[in-house]
Protein chains: 4
Amino acid sequence: MARPKNPTDAAQPATPSEGEPEKRRAILHAALKVFAERGYHGCRIADVASEAGVAYGLVYHYFRNKDELLESVFDEQWRIFIGAIRAISEGPGTAAEQIGSVIRFALDVFRTAPEAVRVLILEVPRTPDVLRAGSTRQTFEVATRLVAEMVQRGQQGGEFRTDLDALVGAASVLGVLDMNLAGMVTGLLTAPLPSDEELERMKRQVVTAALGAILVPGSAAPAR
Amino acid sequence: MARPKNPTDAAQPATPSEGEPEKRRAILHAALKVFAERGYHGCRIADVASEAGVAYGLVYHYFRNKDELLESVFDEQWRIFIGAIRAISEGPGTAAEQIGSVIRFALDVFRTAPEAVRVLILEVPRTPDVLRAGSTRQTFEVATRLVAEMVQRGQQGGEFRTDLDALVGAASVLGVLDMNLAGMVTGLLTAPLPSDEELERMKRQVVTAALGAILVPGSAAPAR
Amino acid sequence: MARPKNPTDAAQPATPSEGEPEKRRAILHAALKVFAERGYHGCRIADVASEAGVAYGLVYHYFRNKDELLESVFDEQWRIFIGAIRAISEGPGTAAEQIGSVIRFALDVFRTAPEAVRVLILEVPRTPDVLRAGSTRQTFEVATRLVAEMVQRGQQGGEFRTDLDALVGAASVLGVLDMNLAGMVTGLLTAPLPSDEELERMKRQVVTAALGAILVPGSAAPAR
Amino acid sequence: MARPKNPTDAAQPATPSEGEPEKRRAILHAALKVFAERGYHGCRIADVASEAGVAYGLVYHYFRNKDELLESVFDEQWRIFIGAIRAISEGPGTAAEQIGSVIRFALDVFRTAPEAVRVLILEVPRTPDVLRAGSTRQTFEVATRLVAEMVQRGQQGGEFRTDLDALVGAASVLGVLDMNLAGMVTGLLTAPLPSDEELERMKRQVVTAALGAILVPGSAAPAR
DNA sequence: TATGAATGAGAGTTCATTCAT
DNA sequence: CATGAATGAACTCTCATTCAT
């Protein structure tokens, strides 16, 4: 059974774009870290600057203001995640396999870049309206809709139950993923830095639960 | 099939406690509203006071500081929710029925007090560490563990699949609930103020999806 | 020859308005002083606050922002000046006498409150557009028009030459006044703090020059 | 009656000085424009540079700092104006005729280079002390004294009244000029861009008013 | 209890100036 | 000469908290 190749490495900068100034990247990187550690309001521009090893004013050389900086961080992270979802969606495999891949990808990223996940999962959906009104909000919807498309395909293929709206199915899948990630991030479900085995175990369980929410009852969970 | 009595009214003040000053209640109530509207950092003490129709300084008469005020709001809301879960848990019905009841209860509350849900679902898990370190965090864990107990009981009774940790099962159930509520709050899944039928439809779907995540595959979803 | 009573005391707060908080007055007063000393951009809110012997934040308790504070200062000063012009205009005396009174009034104020004059004369007409767009600008026009009315009356009465537009006449009178005051303020024309005699001498000269600009040539300058 | 040749073209660079780098001139020119548009504090080095179509840092290659740049602008403009006054002063004609020429010259410049006038008239006398302490201040005094010399000559020749100090006379003449120009700049007295006739009319009136301030009463205003 | 004026530390943003290339 | 990235001090504005009444 074919399995889409795991695009984990996408967690690296979406656009290493030759021309991008090194310090701009450093700032973006630092912002991700500081933001993950302290949350939107807890992080000050000064923190970002010093974390990036850069002068205060340089942040404003590259970004109009704090909101734009953080929006950039969000956008970049989401772009990576969406890129992965899209790649998986366009790849081979049944709908169930694809959704399993999405979940495994997310947990893999958590392993290599927990801050990124923390930011996406814990901060993004709950930041001020100014921010939510921006592209971030739309991006979030895009992700949901991409998953909803997978769900719909699965419903049409007879894999997934049809008594759920595709959007509700997508929300459920993402909810299972989100809450389990949150539990991992906060240490409720696993050690803060889980071992490889622990991670594999979680992957299996989260996939099982997420698919359980949408599979036609009685169908076997896909071998993994 | 017995169904636990729906403790919807618990959304009212947990403790109308005879002696509690009227203005204190007004402040708490206003804080919930303002907090739901603007989020933790977006709401200023001045907003709360004016929403409550009360003098600025009075807030500090009843609450040591902003954190304590908001912690009180959280605690109260969670106490209500936990009270409901506990009541359901100690009531009649199978584990699956109980979990269904929990979900239906949450959606009912969303209907009557969307702000409360918004606060619990969108704000609580993402507020600053100071706050998270407080009782709120523990309260959140308590809720998770209560649901995990239900899951465990269901596993022992053969209803729920045993290839999931009870905590993962609980997280999955709550994740499905959370994300669908978030979708309702943000208008992605339903109109901002859904009709009765829409709400019932959502209840059915969310219960289906949540139970799907943990039921032994092939078992019939419980009639509702 | 009747001479309008000199409303010098109008230099005091236009509205001692019973209800006005003492500290608000202190801030306004301090702002006038600091603004006169350092100019619009040279004065910082911190300067105003400390000059007023008041906490930083209190300035923002009474005024929305720096612009509003300074606009208030301007407005108050102009209101005083306009009040005086109006009183003179409605009082007895020929047009020439009235214009003489306006000039003498201005020089009197310079004696008792040089800062106020400095602000009105040196700063107002040259501050940022935001400010000029506000009520200050209109107020300045009002003053000009009031003087223009006097000029017009004098033209109709045969005192003043009619080959000047009334507005040009007014601008000329105010120009003579302004530039001579500027010369006094900057120490080019008199000692920074002129003696009574010096002041009287200046009054006579400025009145002479200003009326010369508009009187029918050959008419005697009005006795003073 | 001979009339000094009108040195209008002096509004061009005083010293096209062979060796002066083209870009330096561009910066100076841009600075005049930007400064006229936004005032001393409203204009940033970045504005000047981009207006001049020149790199940021180049401004600092040619000028030590912002103050020096603006001082240079002032100096240049004043040098032009003073050069004109001096030329007129050393030329033929009575004192009254010469003063009339000065005023007409100023209004002509306003026609061709309103920004320059705006800067000289509206900005120079009201900029920070640091600046005023520089050569600009002295330059301004020089202009006043040159006019005062004309006045004095007129007084000695019996044209002008002797009950005014020469400096007061000069201040009055310049005051009439300044305020009427200000009125034109701000649109209170004429359309922002007056027609030729309007301008001629203003010239006549302003000369009339200015000379009226200092002429021996009864003497005929000089034919124009 | 109740009020709201008063306080001041903190954070975002601007912009003149420097400097490596 | 020319460029523009980099620096950081300075200043405005916010808002939690205190306190006299």
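Order of the sequence lines sets the chain letters (A, B, ...), proteins ahead of strands, with each chain counted from 1. Computed from a predicted structure; not experimentally measured.
- Atom pair D67(A):CG and dA11(E):P shows a separation of 16 Å (rounding to whole Å applied).
- Proximity of Y56(B) to the phosphate of dT17(F): no side-chain N or O atom is located under 4.0 Å from OP1 or OP2.
- Note on I45(A): only backbone sugar-phosphate atoms sit closer than 4.0 angstrom, heavy atoms only; bases stay farther off.
- The interatomic distance linking H41(B) (NE2) with dG10(E) (P) rounds to 15 Å, in whole Å.
- Using a cutoff of 4.0 Å between basic side-chain nitrogens and carboxylate oxygens, E76(B) and R25(B) are scored as salt-bridged.
- We find that CZ of R38(B) is positioned 15 Å from C1' of dT14(F), with the value rounded to whole Å.
- Residue K66(A) is the one, among K66(A) and G42(D), whose nearest nucleotide of DNA chain E lies closer to the 5' end (criterion: closest heavy atom).
- Within the structure, a side-chain polar atom (N or O) of H61(A) is placed less than 4.0 Å from OP1 or OP2 of dA5(F).
- Rounded to whole angstrom, the span from the CG atom of L70(C) across to the C1' atom of dT12(F) amounts to 13 Å.
- In this structure the side chain of V48(D) never reaches within 4.5 angstrom of the side chain of R44(D), judged on heavy atoms.
- More than 12 heavy atoms of other residues, nucleotides or ligands shown are found within 6.0 angstrom of NZ on K66(C).
- dT21(E) is paired with dA2(F) under the Watson-Crick or G-U wobble criterion, all donor-acceptor distances under 3.5 Å.
- dC19(E) atom C1' lies 14 Å from atom CG of L58(A), rounded to whole Å.
- At the heavy-atom level, Y62(A) lies under 4.0 Å from the strands shown only through sugar-phosphate atoms.
- Atom CZ in R44(A) sits about 14 Å away from atom P in dT13(E), given to the nearest Å.
- Residue whose closest nucleotide on DNA chain F sits further toward the 5' end, between V54(D) and C43(C): V54(D).
- At whole-Å resolution of the value, CZ in F63(D) and C1' in dA2(F) are 15 Å apart.
- Note on Y60(A): every side-chain N or O is 4.0 Å or more away from OP1 and OP2 of dT14(E).
- In this structure the side chain of L69(A) never reaches within 4.5 angstrom of the side chain of Y62(A), judged on heavy atoms.
- In this pair, F35(D) and F74(D) present their aromatic rings tilted. The plane angle is within the 30 to 60° band.
- Each of G53(D) and K23(A) was assigned the nucleotide of DNA chain F with the nearest heavy atom; the assignment lying further toward the 5' end belongs to G53(D).
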